[in-house]
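Sequential numbering from 1 along the given sequence is applied to the chain's residues. Just follow the structure's listing: the first ligand is 1, and inside any ligand the first atom is 1.
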Amino acid sequence: SSTLNQPAHKFRIWESFTTEIPTQEKGGLFIKGKAPFISFVLGGPGSGKGTQCEKIVENYGFTHLSAGDLLRREIASNGEYSTMILNIIKEGKIVPSEVTVKLIQKEMDSSDSLKFLIDGFPRSEENRIAFEHVIGAEPDIVLFFDCPEEEMVKRVLNRNQGRVDDNIDTIKKRLKVFKALNLPVINYYSKKGKLYTINAVGTVDEIFEQVRAVLAAHELVTG
Ligand SMILES: Nc1ncnc2c1ncn2[C@@H]1O[C@H](COP(=O)(O)OP(=O)(O)OP(=O)(O)O)[C@@H](O)[C@H]1O
Ligand SMILES: Nc1ccn([C@@H]2O[C@H](COP(=O)(O)O)[C@@H](O)[C@H]2O)c(=O)n1
Ligand SMILES: [Mg+2]
């Protein structure tokens, strides 16, 4: 059956083995003994999510899961969904949540990490709801890299990593999709008090100082 129709199965397993029932929020990951800290990392195309995630990993030992990288790896594997994913990425559209959440779930399940950065996810309300349903967890915080469109376009066009979506036509489409589908997710987490907006203009180090302040407030600075 569809992944989306499966319950947050690990939570059910935990419930049946202990009377000490953890909060539903982190249910799917409690089987590892301790619920990991989860940060979603959002922002438009080229806002600097991946760059800042690298700095967070270096400094604080998070495990970085980039949804885009997982999808690109899936394309490279020539698997069942490769062509479908490639076509969607070329169009700047969003891959069905069932596929993306399954890739994230696999990485989280095979990791012992207690700190995850989930970069470029959730890109839509559908993504968000699928994650909650399948993983059985919500993020502790959401970092939002807020960057003007002209700056994002400039950065993407200069990126030079051979990505099929780093061209002006696809960037325009990605910006439209970001506004239509990702901003509602950002607003959702803002209302929940989980959103931390970072001014993504400036040097990489200047931006990282803002990130550091957010992580310090959550006592995640010890690595
Ligand atoms: N503060 C900055 N100033 C100038 N250039 C930057 C800055 N941060 C990142 N860049 C550059 O901008 C480009 C895009 O950055 P990055 O790949 O981190 O963005 P992203 O948000 O992950 O984008 P995407 O959503 O497309 O994956 C890269 O070439 C990166 O080196
Ligand atoms: N949750 C997601 C994340 C990404 N995609 C697709 O991949 C493209 C590249 O993503 P980056 O985070 O590396 O910019 C993106 O434009 C989408 O086509 C997705 O579908 N769902
Ligand atoms: Mg990226």
Visitor: Identify, with sequence neighbours excluded, every residue that meets ring-ring contact (aromatic ring centres under 6.0 Å, His included) alongside F121.
Guide: F40, F131
Visitor: Where do D140 and H218 land on the side-chain hydrogen bond (donor to acceptor under 3.5 Å, both in side chains) test, with the steps shown first?
Guide: CA-CA 9 Å; D140 293 274; H218 287 84; over 6 Å; no
Visitor: Do the side chains of V185 and F178 join up, straight or via other hydrophobic residues, at under 4.5 Å, putting them in one cluster?
Guide: yes
Visitor: Does R72 reach ligand 2, in the sense of a heavy atom lying below 4.0 Å from it?
Guide: yes
Visitor: Please assess E149 against K172 for the test salt bridge (Lys or Arg N to Asp or Glu O under 4.0 Å), listing each intermediate value before the final yes or no.
Guide: CA-CA 10 Å; E149 280 195 15; K172 283 182 186 163; over 6 Å; no
Visitor: Quick check: K93 and ligand 2, any N/O pair under 3.5 Å apart?
Guide: yes
Visitor: Below 4.0 Å, non-hydrogen atoms only: which portion of D165 touches ligand 2? Side chain, backbone, both or neither.
Guide: side chain
Visitor: Side-chain heavy atoms under 4.5 angstrom apart, residues restricted to Ile, Leu, Val, Met, Phe, Trp, Tyr: same cluster for F144 and L175?
Guide: no
Visitor: Any N or O on G120 sitting closer than 3.5 Å to an N or O of ligand 2?
Guide: yes
Visitor: Counting only heavy atoms from other residues, nucleotides and ligands, does the tally under 6.0 Å from NZ of K173 exceed 12?
Guide: yes
Visitor: So K90 and D165, salt bridge (Lys or Arg N to Asp or Glu O under 4.0 Å) or not? Walk me through it.
Guide: CA-CA 5 Å; K90 277 184 183 164; D165 52 351; over 6 Å; no
Visitor: Give yes or no for whether the N/O distance cutoff of 3.5 Å, strictly under, is met between V95 and ligand 2.
Guide: yes
Visitor: Going by the order shown, which atoms of ligand 2 are within less than 4.0 Å of some heavy atom of I89?
Guide: 6 (C), 7 (O), 8 (C), 18 (O)
Visitor: Report, in ascending order of atom number, the atoms of ligand 2 lying under 4.0 Å from any heavy atom of N127.
Guide: 1 (N)
Visitor: Mark up the atoms of ligand 2 that fall under 4.0 Å of a heavy atom belonging to F121, in ascending order.
Guide: 1 (N)
Visitor: Cation-pi check for F208 against K55: NZ or CZ below 6.0 Å from the six-membered ring centre and within 45 degrees of the axis, yes or no?
Guide: yes
Visitor: Starting from atom 19 (C) of ligand 2, find the nearest protein heavy-atom neighbour and note its residue, name and distance.
Guide: L71 CD1, 3.5 Å
Visitor: Starting from atom 11 (P) of ligand 2, locate the nearest protein heavy atom and write down its residue, its atom name and how far away it is, to 0.1 Å.
Guide: R123 NH2, 3.4 Å
Visitor: Could you tell me, atom by atom, which parts of ligand 2 come under 4.0 Å of a heavy atom of R174?
Guide: 14 (O), 16 (O)
Visitor: Does an N or O anywhere in S66 fall below 3.5 Å from an N or O of ligand 2?
Guide: no
Visitor: Hey, which residues fall under 4.0 Å of ligand 1 on heavy atoms?
Guide: G44, P45, G46, S47, G48, K49, G50, T51, R155, R159, R163, R174, G202, T203, V204, I207
Visitor: Would I207 and F145 count as a side-chain contact (heavy atoms from CB on, under 4.5 Å) if you check the C-alpha gap in whole Å, the side-chain angles of each, and the deciding distance to 0.1 Å?
Guide: CA-CA 9 Å; I207 295 163; F145 291 93; 3.9 Å; yes
Visitor: Between D119 and K49, does the salt bridge (Lys or Arg N to Asp or Glu O under 4.0 Å) criterion hold? Intermediate values first, please.
Guide: CA-CA 7 Å; D119 162 9; K49 301 180 293 298; 5.0 Å; no
Visitor: Verify the cluster assignment for M84 and L70: are they in a single hydrophobic cluster under the rule of side-chain heavy atoms below 4.5 Å apart?
Guide: yes
Visitor: Test of understanding: clusters of I, L, V, M, F, W, Y form through side-chain heavy atoms closer than 4.5 Å, transitively. Do Y196 and I56 belong to the same one?
Guide: yes
Visitor: So, is R163 polar-close to ligand 2, with some N/O to N/O distance under 3.5 Å?
Guide: yes
